[in-house]
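Structure first, commentary second.
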Amino acid sequence: MKLEEINSLINGKVVEGQMPPDKTIDCAFASDLMSDVLTIRTEKSLMLITGLANLQTIRTCEMSDIKVILFVRGKKVTEEMKELAADNEMILMETDYSLFRTSGLLYAAGLKGVY
Amino acid sequence: MNFEYQVEGGDFTNAGTTSSIVKKMMKQLGVQPDIIKRTVVALYEAEVNIVAHAYRGTITVDLDEKKIYVKLSDEGPGIPDIDQAMQKGYSTASPKVREMGFGAGMGLPNMKLNSDQLNVTSVVGKGTTVEIINFF
């Protein structure tokens with residue numbers, strides 16, 4: 001699914017990184033638990049949907065080769081998080097929608113789960 | 001190549017800094033991406049464990065064309081029962097650690113899954129040493 005489409009479906013805002021018009025995502029994983037994120041094994045391009053907004057969210061994605069993070073329920077990305085994300089060429093997005101609503105909308109529109 | 005890094009207990013701002021440096025070094029050496037990912041996930045779990053549980057620690061990295069060897073030695077409370085700590089879901093993490101998204105009792109089992117060789121030794125009241133070896 002195209003990132004642009006994702007952004008539009010969840011009324012999102014890109015707060016860090018460039019969003020190329022043709023950038024696509026194969027699947028998504030929704031969790032506030034970074035321990036779970038670190039267990040994911042996939043070759044596909046993956047987006048993390050999370051309500052956990054801190055530096056370790058970015059670090060976890062750096063180690064897990066996740067390049068797109070969508071922060072839900074109005075969680076705000078800090079400047080420190082943006083800097084670390086920029087170092088790793090990540091795209092950070094925010095939405096006011098809840099984790100459940102965000103995941104439901106994207107799944108219904110065809111975005112697959114990682115498992 | 002040999003490198004040594006210091007880690008401070010409780011310093012969640014810098015947790016993962018060493019893992020990040022190691023990831024960049026392995027990339028520069030042209031190591032296969034799946035081996036890089038396995039190594040840095042195991043290392044990051046171990047580094048976060050020092051920050052979460054210990055007072056301070058030292059990470060030494062020995063990298064050559066065939067393998068990476070990482071040794072994490074901490075000064076801390078130690079692990080009374082390593083077999084129990086290796087079980088999925090077992091955790092003694094504080095509420096603060098859990099707020100950071102960790103402490104689900106997945107760390108040590110995940111380190112084992114992502115290492116070709118994993119050795120954990122511990123002395124209660126002194127500290128824990130974790131060795132991770134991955135072959136290229």
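Per chain, numbering begins at 1; letters A, B, ... match sequence-line order.
For B/Phe12, the parts sitting under 4.5 Å from any heavy atom of chain A are the backbone and the side chain alike. In this structure, the portion of A/Ile40 lying under 4.5 Å from any heavy atom of chain B is its backbone and not its side chain. The parts of B/Leu113 that come within reach of chain A are both its backbone and its side chain, each placing non-hydrogen atoms under 4.5 angstrom from that chain. Proximity to chain A (any heavy atom under 4.5 Å) is shown, for B/Thr17, by both the backbone and the side chain. When heavy atoms are compared at a cutoff of 4.5 Å, A/Asp32 approaches chain B solely by way of its backbone atoms N, CA, C and O.
Checking side-chain atoms of A/Gln56 against main-chain N and O of B/Ala15 turns up a donor-acceptor pair under 3.5 Å.
In the hydrophobic cluster analysis, where Ile, Leu, Val, Met, Phe, Trp and Tyr join through side-chain heavy atoms closer than 4.5 angstrom, A/Leu46 is grouped apart from A/Leu106. Grouping the Ile, Leu, Val, Met, Phe, Trp and Tyr side chains by contacts below 4.5 angstrom, directly or via other members, places B/Tyr5 with B/Val40. Tracing side-chain contacts under 4.5 Å through hydrophobic residues (I, L, V, M, F, W, Y), one never reaches A/Phe29 starting from A/Leu111; they form parts of separate clusters. No continuous path of ILVMFWY side-chain contacts below 4.5 Å connects A/Met90 to A/Ile49, so the two sit in separate hydrophobic clusters.
Atom NZ of A/Lys44 has 12 or fewer heavy atoms from other residues, nucleotides or ligands within 6.0 Å. Around atom NZ of B/Lys24, more than 12 heavy atoms belonging to other residues, nucleotides or ligands sit under 6.0 Å away. Heavy-atom neighbours of A/Phe100 CZ from other residues, nucleotides or ligands within 6.0 Å: at or below the threshold of 12. In the displayed structure, A/Gln18 atom CD is contacted under 6.0 Å by at most 12 heavy atoms of other residues, nucleotides or ligands. No more than 12 heavy atoms of other residues, nucleotides or ligands lie within 6.0 Å of NZ in B/Lys112, so this atom counts as exposed by the packing criterion. Surrounding NZ of B/Lys71 are at most 12 heavy atoms belonging to other residues, nucleotides or ligands under 6.0 Å away.
Across all their heavy atoms, A/Leu38 and B/Asn110 have their closest contact at O-ND2, 3.0 Å. Looking at every heavy atom in both residues, A/Glu62 comes nearest to B/Ser20 through OE2-OG, 2.6 Å. Heavy atoms only, all atoms of each residue included: B/Glu99 and A/Leu52 are closest at O-CD1, 3.2 Å. Closest of all the heavy-atom pairs between A/Asp65 and B/Lys23 is OD1-NZ, 2.6 Å. Taking every heavy atom of both residues into account, A/Met63 and B/Ser19 meet most closely at CE-CB, 3.5 Å.
The closest side-chain heavy-atom distance from B/Phe102 to A/Thr60 is below 4.5 Å. Between A/Leu33 and B/Arg98 there is no side-chain heavy-atom pair separated by less than 4.5 Å.
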Review point. Is there a side chain to side chain contact (heavy atoms under 4.5 Å, CB included) between A/Leu55 and B/Met100 once you walk through the steps?
Key: CA-CA 9 Å; A/Leu55 268 180; B/Met100 299 303 290; 5.9 Å; no
Review point. Is there a side chain to side chain contact (heavy atoms under 4.5 Å, CB included) between B/Asn114 and A/Arg41 once you walk through the steps?
Key: CA-CA 10 Å; B/Asn114 285 289; A/Arg41 282 192 178 74; 3.3 Å; yes
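Note: A/Arg59 CZ to B/Glu47 CD = 8.0 Å, rounded to the nearest 0.5 Å.
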